[in-house]
Q: 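Would you mind keeping the following structure in view while I ask a few things?
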Amino acid sequence: MTRVPHFRAMLSINVTLLYACVLAFVSWMIWPEKAEHWRMGILSLFAGLGAFGFFWRGIGETILHIRTLRQFDQSVAKKRKPHSDKMADGDALKRGGLVDR
């Protein structure tokens, strides 16, 4: 059974980082060249801070996703493989008087 592992988490991480890039680009584009337009500088600063926040949020989500995958892999590795029980074979049932044949 092959599935794309954790598609929703990967999509969330990529969208968060894309949003950070868009905000950084907007911040760069609206930065004023003249001191007369200082109000645009404040908007640019807020957009830059938003980009910085979304970038670190995306990094945090990535780290959390990697930790989750490692924990899952460790739990799968610890799982015992199924094996047959030697106490319940046909000869043991005959000796115990549970089966007549």
Side-chain angles (χ1 to χ4, degrees):
M1 177 169 132
T2 3
R3 249 180 86 193
V4 177
H6 309 282
F7 179 74
R8 185 177 294 154
M10 290 188 297
L11 184 66
S12 172
I13 291 167
N14 287 332
V15 167
T16 302
L17 292 175
L18 177 67
Y19 195 59
C21 289
V22 167
L23 276 176
F25 180 73
V26 167
S27 174
W28 177 68
M29 287 299 293
I30 65 174
W31 184 257
E33 293 181 10
K34 298 179 182 177
E36 297 170 359
H37 308 292
W38 61 271
R39 291 173 200 91
M40 292 300 284
I42 293 173
L43 290 176
S44 176
L45 180 66
F46 285 141
L49 289 173
F52 186 72
F54 274 105
F55 173 75
W56 285 110
R57 179 179 173 186
I59 296 299
E61 286 180 7
T62 304
I63 291 170
L64 181 65
H65 183 65
I66 290 171
R67 283 185 186 166
T68 304
L69 288 177
R70 284 184 182 166
Q71 287 176 353
F72 179 74
D73 289 342
Q74 288 175 356
S75 68
V76 168
K78 286 182 184 178
K79 187 185 281 189
R80 289 179 55 192
K81 295 181 182 176
H83 60 281
S84 62
D85 190 5
K86 294 181 181 177
M87 292 180 59
D89 64 351
D91 294 332
L93 292 175
K94 287 179 191 173
R95 280 183 269 133
L98 299 173
V99 178
D100 292 332
R101 296 183 197 184

Q: Not counting sequence neighbours, list each pair that qualifies as a side chain to side chain donor-acceptor pair (under 3.5 Å) and has a residue in residues 13-23.
A: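 Not a single pair qualifies under side chain to side chain donor-acceptor pair (under 3.5 Å).
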Q: Give, for atom CG of Leu64 and atom CG of Leu69, the distance between the pair rounded to the nearest 0.5 Å.
A: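 If I round to the nearest 0.5 Å, the distance is 10.0 Å.
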Q: Mind listing the closest non-hydrogen atom pair of His65 and Ile13 along with its distance?
A: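 The answer is CB-CD1, 4.1 Å.
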Q: Throw together a table of side-chain donor-acceptor distances under 3.5 angstrom for residues 34-60, partners on residues two or more places apart or in other chains.
A:
| unit_1 | atom_1 | unit_2 | atom_2 | d |
| --- | --- | --- | --- | --- |
| Ser44 | OG | Ser27 | O | 2.6 |
| Ser44 | OG | Ser27 | OG | 3.2 |

Q: State yes or no: do Ile63 and Met10 share one hydrophobic cluster built from I, L, V, M, F, W and Y residues joined by side-chain heavy-atom distances below 4.5 Å, directly or via other members?
A: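 Different clusters.
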